[in-house]
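Structure first, commentary second.
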Protein chains: 2
Amino acid sequence: MDAMTNRPASDDPAEDPHWLTEEEQAAWRAYMHATRLLEDHLDRQLQRDAEMPHVYYGLLVQLSEAPRRRMRMTELAQQAKITRSRLSHAVARLEKNGWVRREECPSDKRGQLAILTDAGYTMLSRSAPGHVAAVRAAVFDRLTPEQVKQFGEVCRTIATGLEPEGADLPWLR
Amino acid sequence: MDAMTNRPASDDPAEDPHWLTEEEQAAWRAYMHATRLLEDHLDRQLQRDAEMPHVYYGLLVQLSEAPRRRMRMTELAQQAKITRSRLSHAVARLEKNGWVRREECPSDKRGQLAILTDAGYTMLSRSAPGHVAAVRAAVFDRLTPEQVKQFGEVCRTIATGLEPEGADLPWLR
DNA sequence: CCTTGTTCCTTGAACTTTCAATTAGTAAGG
DNA sequence: CCTTACTAATTGAAAGTTCAAGGAACAAGG
């Protein structure tokens with residue numbers, strides 16, 4: 001939550017550790033609210049319509065766009081910005097649901113391929129329109145084209161700055 | 001994850017359920033990446049420096065800003081945009097850590113007050129500068145003042161649109 | 001080959017969040 | 001009072017995530 005507002009009483013301008021301006025605080029607070037509410041909203045929408053959380057759905061989408069609807073585990077984790085551990089658990093569940101299956105990687109015997117099944121693809125096709133509509137209603141239908149552009153630009157900047165960082169994200173450094 | 005890109009092969013312009021434009025897709029993808037990476041980043045930063053996840057930290061901040069550093073549970077949940085259930089669990093843990101304590105509400109015996117302890121306040125004071133610095137480095141130092149303004153505006157729009165909605169968020173509707 | 005170091009992925013335990021009750025207190029009508 | 005309806009907050013179990021550890025395969029050098 002707007003963790004920035006926390007300026008512990010000391011309004012001494014001398015030892016100021018560079019707090020946020022009014023404008024920045026407001027933006028940060030709004031960002032926190034928006035992300036929290038949006039994530040919840042989409043999670044519910046997908047839980048209802050596709051019986052899975054948003055992250056899992058995103059994995060299926062990524063697979064559906066990959067060359068032969070298959071991807072190496074690590075690559076999938078990278079693109080989805082999640083840890084490999086999390087992906088392992090997630091794929092395990094998606095496998096149970098029948099949307100994904102695994103296969104050994106021919107070229108590297110350590111490797112695993114996550115593959116979107118036909119059932120998974122069908123399910124995606126059915127739930128995609130509803131999901132797009134939800135995103136549209138919550139975000140893009142409320143923004144001007146100009147704002148969409150600005151928003152994208154800001155998010156790209158933030159994401160880029162964070163890329164080469166992280167703890168268990170060992171594919172980086 | 002960029003769940004939108006999922007356009008199941010049908011490029012038939014006739015039954016188009018209103019997909020996203022290129023620009024929108026790009027923005028959405030960037031948003032997903034940014035939020036995921038940022039949340040992870042801040043979670044780690046706070047786990048390291050304050051030994052608690054970002055959401056919990058936010059709760060303490062909210063309390064620190066409240067009138068007598070105390071707030072009704074429901075009000076806190078509302079402002080933090082989380083469910084009351086989640087808050088119950090969270091406060092339970094924060095209590096164990098000694099940062100928060102509870103007190104009965106004088107006016108409504110059903111009610112509980114969550115109160116930031118002195119220990120909690122001290123801890124906040126110590127970790128706030130580091131946290132602000134992290135947010136600054138990840139977000140605001142990378143944006144122009146103009147972008148901060150735009151970003152805030154967009155987030156406010158999204159958050160506002162999502163406010164009167166939700167399932168177990170019974171304080172709404 | 002054998003050793004050493006690294007990469008790919010999985011696993012189990014600890015912790016957090018969600019979901020569906022459940023308890024206790026308030027409020028209004030009769 | 002008593003009933004009914006609603007609100008505040010908690011609880012326990014299930015689902016999801018993180019963290020630290022571990023096994024198996026590759027890669028380079030001796």
Quiz prompt | Between P of C/dT7 and NZ of A/K109, the distance in whole Å | solution = 21 Å
Practice problem: Could you tell me the separation between the NZ atom of A/K81 and the C1' atom of D/dT17, rounded to a whole number of Å? | Solution: 19 Å
Self-check item: Nearest-angstrom distance from the residue atom CG of B/L87 to P of D/dA9
Solution: 9 Å
Quiz item: Got a donor-acceptor contact below 3.5 angstrom from the A/D49 side chain to the A/S127 backbone?
Solution: no
Quiz prompt | Interatomic distance, A/I82 CD1 vs D/dT17 P [rounded to whole Å] | solution = 8 Å
Exercise. Identify the heavy atoms of A/W99 and A/L116 that sit nearest to each other, and give their distance.
Key: O-CD1, 3.5 Å
Quiz item: Would you say C/dT6 has OP1 or OP2 under 4.0 Å from some side-chain N or O of A/R110?
Solution: no
Quiz item: Less than 3.5 Å between a donor and an acceptor, one on the side chain of A/S85 and one on the base of D/dC19, is that the case here?
Solution: yes
Quiz item: Which whole-number value in Å describes the distance from A/D40 CG to C/dC19 C1'?
Solution: 13 Å
Practice problem: Rounded to the nearest angstrom, tell me the gap between atom CD in A/E104 and atom C1' in D/dA24. | Solution: 11 Å
Exercise. Please say which of A/T157, A/L162, A/T160 ends up in a side-chain contact (heavy atoms from CB on, under 4.5 Å) with B/R142.
Key: A/T157
Exercise. For A/S107 and for A/A90, locate the closest nucleotide of DNA chain D by heavy-atom distance; then report the residue assigned to the nucleotide nearer the 5' terminus.
Key: A/A90
Exercise. Check every atom of D/dC19, C/dT17, D/dT11 against the side chain of B/S88 and return the nucleotide holding the closest atom.
Key: D/dT11
Self-check item: Closest nucleotide among D/dG12, C/dA13, C/dC9 to the B/H89 side chain
Solution: D/dG12
Quiz item: Under 4.0 Å between a side-chain N or O of B/R84 and OP1 or OP2 of D/dT7?
Solution: no
Quiz item: Base, sugar-phosphate, or nothing for A/D108, non-hydrogen atoms under 4.0 angstrom?
Solution: sugar-phosphate
Quiz item: Could you state the CZ-C1' distance from B/R93 to C/dC15, rounded to the nearest angstrom?
Solution: 8 Å
Quiz item: Rounding to a whole Å, what distance do you find between A/L46:CG and C/dT18:P?
Solution: 15 Å
Quiz item: Taking N and O atoms by type only, does the side chain of B/R86 place a donor or acceptor under 3.5 Å from a partner on the base of C/dT18?
Solution: no
Self-check item: Donor-acceptor pair, side chain of B/R136 and main chain of A/H18, under 3.5 angstrom
Solution: yes
Self-check item: First of A/R72 and B/Y56 reached from the 5' end of DNA chain C, by closest nucleotide
Solution: A/R72
Exercise. Run the numbers on B/E146 and B/K149 for salt bridge (charged side-chain N to carboxylate O under 4.0 Å, His left out), then give the verdict.
Key: CA-CA 5 Å; B/E146 185 63 21; B/K149 196 171 175 180; 5.9 Å; no
